[in-house]
Student: 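If you scroll down you'll find the structure; I have some questions about it.
Note on naming: letters A, B, ... go to the chains in the order of the sequence lines (proteins, then strands), and numbering restarts at 1 for each one.
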Number of protein chains: 2
Amino acid sequence: MKIEHLISQIHKKNSFLCVGLDTDLDKIPKHLLSQEDPIFAFNKSIIDATHEYCVAYKPNIAFYEAYGLEGWKSLERTMKYLNEHYPEMFTIADAKRGDIGNTSTRYAKAFFETLNFDSITIAPYMGRDSVEPFLAFQDKHTILLALTSNQGAYDFQTQKIEGQELYKKVLEVSKGYANAENLMYVVGATKAEFLKEIREIIPEQFLLVPGVGAQGGSLQEVCKYGMASNVGLLVNSSRGILYASQDEDFADNAALQAKSIQQDMEAELQKLNGI
Amino acid sequence: MKIEHLISQIHKKNSFLCVGLDTDLDKIPKHLLSQEDPIFAFNKSIIDATHEYCVAYKPNIAFYEAYGLEGWKSLERTMKYLNEHYPEMFTIADAKRGDIGNTSTRYAKAFFETLNFDSITIAPYMGRDSVEPFLAFQDKHTILLALTSNQGAYDFQTQKIEGQELYKKVLEVSKGYANAENLMYVVGATKAEFLKEIREIIPEQFLLVPGVGAQGGSLQEVCKYGMASNVGLLVNSSRGILYASQDEDFADNAALQAKSIQQDMEAELQKLNGI
């Protein structure tokens with residue numbers, strides 16, 4: 001998907017919400033467990049109920065891999081359903097991969113071609129030749145981990161290299177990678193005040209922001225410091241939407257949650273548009 | 001697998017060779033392509049031919065994921081075959097995963113339980129709470145990326161934080177993680193001279209060393225600087241063994257290559273034993 005298409009969807013729907021599909025058999029409504037593929041059945045209901053209010057879906061690959069072959073089937077079905085019924089949706093494989101050239105190309109094929117995702121999350125630790133194989137795919141997007149929302153982010157990401165935090169070094173250095181226009185970045189919402197300095201380094205690149213809601217970040221803070229003239233934000237919510245209810249009315253409750261976030265986003269977009 | 005079992009296998013076989021199963025349909029002998037599961041057929045032949053000369057197998061997960069559902073089936077079959085026929089083998093999921101707690105636990109279950117691997121490679125960028133969920137599994141091993149063998153390693157890994165390279169910081173900090181005794185580290189052989197300083201930080205932890213052979217590292221250099229009193233090394237070879245021949249005699253040629261490396265390793269182990 002071209003970035004212009006994503007931006008136009010954001011303005012059309014007045015939303016930059018990404019729904020994270022962290023689908024967990026221990027948490028989905030019990031009545032779905034008797035279905036042939038409960039994970040897909042759950043995802044389908046969630047997608048049908050929330051698609052009006054969001055512009056992106058982000059399956060968390062770990063949740064599918066944990067169920068082995070069956071999980072992989074559910075992921076394939078979910079992606080096929082999204083591609084067929086909601087081709088306007090931006091899809092993110094939250095895979096956090098990263099390996100050397102030869103192997104990165106394999107991962108890129110797995111997610112960009114076999115599963116037809118629009119984007120994938122990637123860890124930066126192995127550097128340029130682990131990232132560029134992903135960037136080489138046209139109209140596909142590589143979302144590099146910069147500053148994550150967990151406590152462990154302070155172990156290395158915020159440590160200073162020649163006076164500059166590692167995560168800023170990741171932003172600076174990756175700007176010089178081939179096809180860097182296909183880069184986006186993960187920046188955790190629990191550190192919204194850091195977004196101001198991040199925007200000095202990458203004024204317009206899209207940021208995928210986890211950690212709003214269950215993980216404690218504020219949408220208003222994220223928008224205040226992180227919104228760019230092209231919006232430049234995808235804010236993710238997973239558990240708050242998926243598990244708003246664990247009863248038969250789960251999809252209706254998911255829709256209500258998604259709509260509530262979309263309305264807050266609409267207000268933020270109006271500020272951007274000077275309304 | 002307990003670490004003592006791995007060490008006893010190393011001494012029994014006079015080998016610390018790990019065979020990397022980077023199985024690629026474009027490179028395996030053409031006559032296998034007509035089989036129902038060519039990837040598994042190839043892996044089975046390679047394993048049967050090389051098991052005498054090695055102590056570990058390391059499927060590179062990207063190569064399986066690239067083929068979607070079929071690839072995942074081949075991986076499951078390969079692990080089932082290894083666990084049933086060669087339970088003494090140390091198995092490594094070369095997955096380079098890394099995510100926050102909740103999600104890491106999912107990946108750990110996928111590889112340690114569903115697929116029954118003994119170990120998994122993990123990227124350190126997200127810090128403590130992305131690594132400890134893996135370390136919590138008893139007799140399972142977490143192989144943290146420290147210094148990789150690719151050019152991109154110089155982007156971040158060798159950059160200095162308060163006078164200490166990031167990869168050394170990773171070694172230092174991770175020593176303090178809960179269940180750190182379950183840690184091993186990836187250290188590329190192309191930087192063998194770095195092993196001396198690495199051993200000052202982690203004298204006895206096992207190192208998984210890629211990059212001997214095709215990637216240009218020297219076994220003798222690796223052993224000189226990296227061998228510990230408990231050996232503490234697993235040296236990987238993938239392409240040099242797998243694709244020694246692409247004809248019908250591929251398994252025989254793979255065995256010859258593996259045997260040749262094993263003999264070099266035997267000589268190094270004799271030095272350790274003062275023979």
Student: Ignoring hydrogens and geometry, is there a side-chain-to-backbone donor-acceptor pair from Y125(B) to A146(A) under 3.5 Å?
Tutor: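 Yes, the answer is positive, given that a donor and an acceptor are paired below the 3.5 Å cut-off.
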
Student: Tell me whether T114(A) contacts the main-chain N or O of A66(B) through its side chain, where contact means a donor paired with an acceptor under 3.5 Å.
Tutor: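 Yes: the side chain of T114(A) pairs with the backbone of A66(B).
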
Student: Could you tell me whether D24(B) and R106(A) have a side-chain N and a carboxylate O separated by less than 4.0 Å?
Tutor: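 Counted as a salt bridge, because a side-chain N and a carboxylate O are separated by less than 4.0 Å.
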
Student: Would you say the side chain of K160(A) lies within less than 4.5 Å of the side chain of E162(B), judging by non-hydrogen atoms?
Tutor: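 No; the side chains remain at least 4.5 Å from each other.
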
Student: Where is the tightest heavy-atom contact between A110(B) and E65(A), given as atom of each residue plus distance?
Tutor: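 Looking at all heavy atoms of both residues, the shortest contact is CB-O, 3.3 Å.
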
Student: Output all residues satisfying side chain to side chain donor-acceptor pair (under 3.5 Å) with Y154(B), sequence neighbours left out; order by chain, then residue number.
Tutor: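 Expected list: none.
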
Student: Between D129(A) (side chain) and G152(B) (backbone), is there a donor-acceptor pair under 3.5 Å?
Tutor: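 Between the backbone of G152(B) and the side chain of D129(A) there is a qualifying donor-acceptor contact (under 3.5 Å).
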
Student: Chain B: which of Q157(A), Q151(A), E132(A), Q159(A) shares the most heavy-atom pairs with it under 4.5 Å?
Tutor: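 Greatest number of close heavy-atom pairs with chain B: Q157(A).
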
Student: Tell me, for I61(A) versus chain B, whether the close heavy atoms (under 4.5 Å) come from the side chain, the backbone, both or neither.
Tutor: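 Contact with chain B is through both the backbone and side chain of I61(A).
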
Student: Considering the options W72(B), Y64(B), Y67(B), which one meets the ring-ring contact (aromatic ring centres under 6.0 Å, His included) requirement together with W72(A)?
Tutor: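 Per the ring-ring contact (aromatic ring centres under 6.0 Å, His included) rule, the option paired with W72(A) is W72(B), out of W72(B), Y64(B), Y67(B).
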
Student: Taking NZ in K109(A) as the centre, count heavy atoms belonging to other residues, nucleotides or ligands within less than 6.0 Å. Is the count above 12?
Tutor: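 Incorrect, the count does not exceed 12.
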
Student: Can you tell me if E76(A) uses its side chain to pair, donor with acceptor, with the backbone of G68(B) under 3.5 Å?
Tutor: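 No; judged by distance alone, with no hydrogens or angles, the pair does not exist.
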
Student: Relative to chain A, which segment of K96(B) carries a heavy atom at a distance below 4.5 Å: side chain, backbone, both, or neither?
Tutor: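 Answer is both: backbone and side chain atoms of K96(B) are under 4.5 Å from chain A.
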
Student: Using ring-ring contact (aromatic ring centres under 6.0 Å, His included) as the criterion, list what pairs up with Y107(A), not counting sequence neighbours.
Tutor: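 Checked Y107(A) against ring-ring contact (aromatic ring centres under 6.0 Å, His included); zero matches.
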
Student: Answer with side chain, backbone, both or neither: which region of N60(B) has an atom nearer than 4.5 Å to a non-hydrogen atom of chain A?
Tutor: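 Answer is side chain: those atoms of N60(B) sit under 4.5 Å from chain A.
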
Student: Is it the backbone or the side chain of V170(A) that comes under 4.5 Å from a heavy atom of chain B, or both, or neither?
Tutor: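 It is both, since atoms from each part get that close.
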
Student: Could you name the residues of residues 173-180 of chain A that have a heavy atom within less than 4.5 Å of a heavy atom in chain B?
Tutor: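 Within residues 173-180 of chain A, the residues that come under 4.5 Å of chain B (heavy atoms only) are V173(A), Y177(A).
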
Student: Just wondering, do I100(A) and T148(B) contact through their side chains at under 4.5 Å, heavy atoms?
Tutor: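 T148(B) vs I100(A): side chains apart.
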
Student: Got a donor-acceptor contact below 3.5 angstrom from the N150(B) side chain to the M126(A) backbone?
Tutor: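 Checked: pair present.
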
Student: Which residue pairs pass the salt bridge (Lys or Arg N to Asp or Glu O under 4.0 Å) test with at least one member in residues 145-157 of chain A, sequence neighbours excluded?
Tutor: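 Every pair satisfying salt bridge (Lys or Arg N to Asp or Glu O under 4.0 Å) with a residue in residues 145-157 of chain A: there are none.
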
Student: What's the shortest heavy-atom distance between T103(B) and F63(A), and which atoms?
Tutor: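 Shortest heavy-atom separation between T103(B) and F63(A) comes out as OG1-CE1, 3.8 Å.
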
